[in-house]
Amino acid sequence: MTKAELAECIDAYGTDIYSFCAYLTGSRQEAEDLYQDTFLKVVELHETIKTDRNPKNYLLAVAVRIWKNKKRKFAWRKRIAQIQTLTEDKEIQSCAGIEQSAEAQYLHNADIQAVRTAVAALPHRYRAVVLLYYMEGMAVAQIAAVMKIPEGTVKSRLYHARRILEKELEVVLNEKRP
C-alpha cells in the first residue's frame with residue numbers, strides 16, 4: 001500500500017473507523033488513541049494490505065485486535081496492582097435527527113442514550129460483536145474473520161447480547177408499545 005492509497009483509505013473510511021472506536025471504547029480520548037494506533041499499525045504493515053480486497057474490514061480488524069490487547073494488558077495490570085479503572089467520559093456525539101418537535105426529539109434522544117448506555121454496559125466480548133454487526137453492518141462470517149473466532153461463537157455472543165439488551169431495555173421498549 002502506497003502513501004496515496006493510505007490517504008484514500010483514511011478519506012474513505014476514517015470517520016467510520018473513528019466512530020467504531022468511539023463506540024467500542026466509550027471514551028473520546030481512548031477512541032482517538034485507538035484510531036491513531038490503528039492507522040500507525042496499518043502504516044507499519046503497509047505491505048500486507050491488499051487494496052483489491054475490503055480495506056475497511058482490515059482496518060476494523062486491526063482496531064479490534066489493538067483494543068482487545070489493551071483490555072487484556074489493563075486486566076493483567078489490574079490483577080497485579082489494584083489501580084483505578086479506566087475513565088469513561090460518555091461524550092459520544094449524538095446522531096443527527098430529523099426535524100421533530102422538541103418533545104419528540106427529546107424522547108428520541110433519550111431512547112438513543114438508553115440503547116447506547118445498555119450497549120456500553122455489555123461485557124467486552126459481546127460489545128465488539130454487537131457493534132460490528134449492527135453499527136458496521138458486517139455479516140457473521142466477516143465478524144468471525146475480523147475477530148478470529150468461529151462463526152458459532154459470533155452467533156452465540158449475538159444471541160446472549162440480544163438477551164441482555166432486551167432485559168436492560170425492557171422498560172424503554174414497553175413504553176413504546178400501545
Side-chain angles (χ1 to χ4, degrees), residues 13-38 41 54 56-79 82-97 106-177:
Y13 309 116
T15 55
D16 292 340
I17 301 300
Y18 180 78
S19 179
F20 177 75
C21 292
Y23 279 105
L24 191 63
T25 62
S27 165
R28 181 173 277 170
Q29 182 179 2
E30 289 179 46
E32 289 173 0
D33 289 344
L34 181 58
Y35 177 78
Q36 289 176 359
D37 290 344
T38 299
K41 188 57 119 174
N54 191 346
K56 182 178 178 182
N57 283 354
Y58 182 82
L59 294 169
L60 289 170
V62 170
V64 167
R65 279 190 227 114
I66 291 171
W67 178 73
K68 285 171 64 175
N69 286 340
K70 282 185 178 185
K71 286 293 181 187
R72 191 177 311 120
K73 287 177 186 176
F74 179 75
W76 181 254
R77 288 180 186 140
K78 189 175 179 181
R79 274 185 245 136
Q82 292 297 326
I83 57 176
Q84 299 266 333
T85 60
L86 291 174
T87 58
E88 292 192 12
D89 55 30
K90 303 292 182 187
E91 296 179 27
I92 301 174
Q93 298 175 357
S94 63
C95 296
Y106 175 78
L107 292 174
H108 180 70
N109 288 341
D111 291 348
I112 290 173
Q113 189 57 40
V115 171
R116 286 181 178 170
T117 302
V119 171
L122 285 173
H124 298 297
R125 65 180 180 267
Y126 297 147
R127 187 185 325 156
V129 173
V130 166
L131 291 174
L132 287 171
Y133 187 79
Y134 289 106
M135 189 176 142
E136 296 299 327
M138 295 176 76
V140 171
Q142 291 174 319
I143 296 170
V146 164
M147 296 188 70
K148 295 187 177 180
I149 56 176
E151 287 185 33
T153 303
V154 173
K155 291 177 184 178
S156 173
R157 289 181 183 180
L158 278 172
Y159 173 82
H160 290 294
R162 287 179 185 134
R163 296 299 160 253
I164 292 169
L165 289 173
E166 186 176 22
K167 286 179 185 175
E168 292 294 320
L169 297 171
E170 186 173 11
V171 173
V172 175
L173 294 174
N174 285 336
E175 288 177 2
K176 295 292 181 189
R177 294 182 183 145

Q. So, R127 versus Y23: side-chain donor-acceptor pair below 3.5 Å or not?
A. no
Q) Which heavy-atom pair separates R157 from V129 by the least distance, and what is that distance? A) CD-CG2, 3.9 Å
Q. Where is the tightest heavy-atom contact between G14 and Y35, given as atom of each residue plus distance?
A. O-CE1, 3.3 Å
Q. If you look at every heavy atom in A144 and P150, which pair is closest and at what distance?
A. CB-C, 4.1 Å
Q. If you measure from NZ on K71 to CZ on R125, what distance do you get to the nearest 0.5 Å?
A. 14.0 Å
(Q) Can you confirm whether more than 12 heavy atoms, excluding those of K56, are under 6.0 Å from its NZ atom? (A) yes
Q: Could you tell me which non-hydrogen atom of I164 sits nearest to which non-hydrogen atom of P123, and how far apart they are?
A: CD1-CD, 4.4 Å
**Q.** Atom of V146, atom of R65 and distance for their closest heavy-atom approach
**A.** O-NH2, 4.0 Å
Q. Does the pair R163/E166 count as a salt bridge with the N-to-O cut at 4.0 Å?
A. yes
Q | Y18 six-ring face occupied by R28 cation (under 6.0 Å, within 45°) | A | no
Q: Using modelled atom types only, decide if a donor and an acceptor are shared between the side chain of S156 and the backbone of G152 within a distance under 3.5 Å.
A: no
Q) Roughly how far apart are Y13 OH and T38 OG1, rounded to 0.5 Å? A) 15.5 Å
Q. In Å and rounded to the nearest 0.5 Å, what is the CZ to NZ distance from R162 to K167?
A. 15.5 Å
Q: State, with a plain yes or no, whether a side-chain heavy atom of K41 is found less than 4.5 Å away from one of I66.
A: yes
Q) Are the side chains of L132 and V64 in touch, meaning some heavy atoms are under 4.5 Å apart? A) yes
**Q.** Point-to-point distance, once rounded to the nearest 0.5 Å, from OG1 of T153 to CD1 of I143
**A.** 12.0 Å
Q. Where do D33 and K70 land on the side-chain contact (heavy atoms from CB on, under 4.5 Å) test, with the steps shown first?
A. CA-CA 11 Å; D33 289 344; K70 282 185 178 185; 4.0 Å; yes
**Q.** Donor-acceptor under 3.5 Å (E136 side chain, Y133 main chain)
**A.** no
Q: Can you see which heavy atom on T25 is nearest to which on A31, and at what distance?
A: OG1-N, 3.5 Å
(Q) Quick check: do H124 and L24 have side-chain heavy atoms less than 4.5 Å from each other? (A) no
(Q) Walk me through whether N57 and Q142 qualify under side-chain contact (heavy atoms from CB on, under 4.5 Å). (A) CA-CA 8 Å; N57 283 354; Q142 291 174 319; 3.4 Å; yes
Q) So how far is it from D16 CG to M135 CE, rounded to the nearest 0.5 Å? A) 7.5 Å
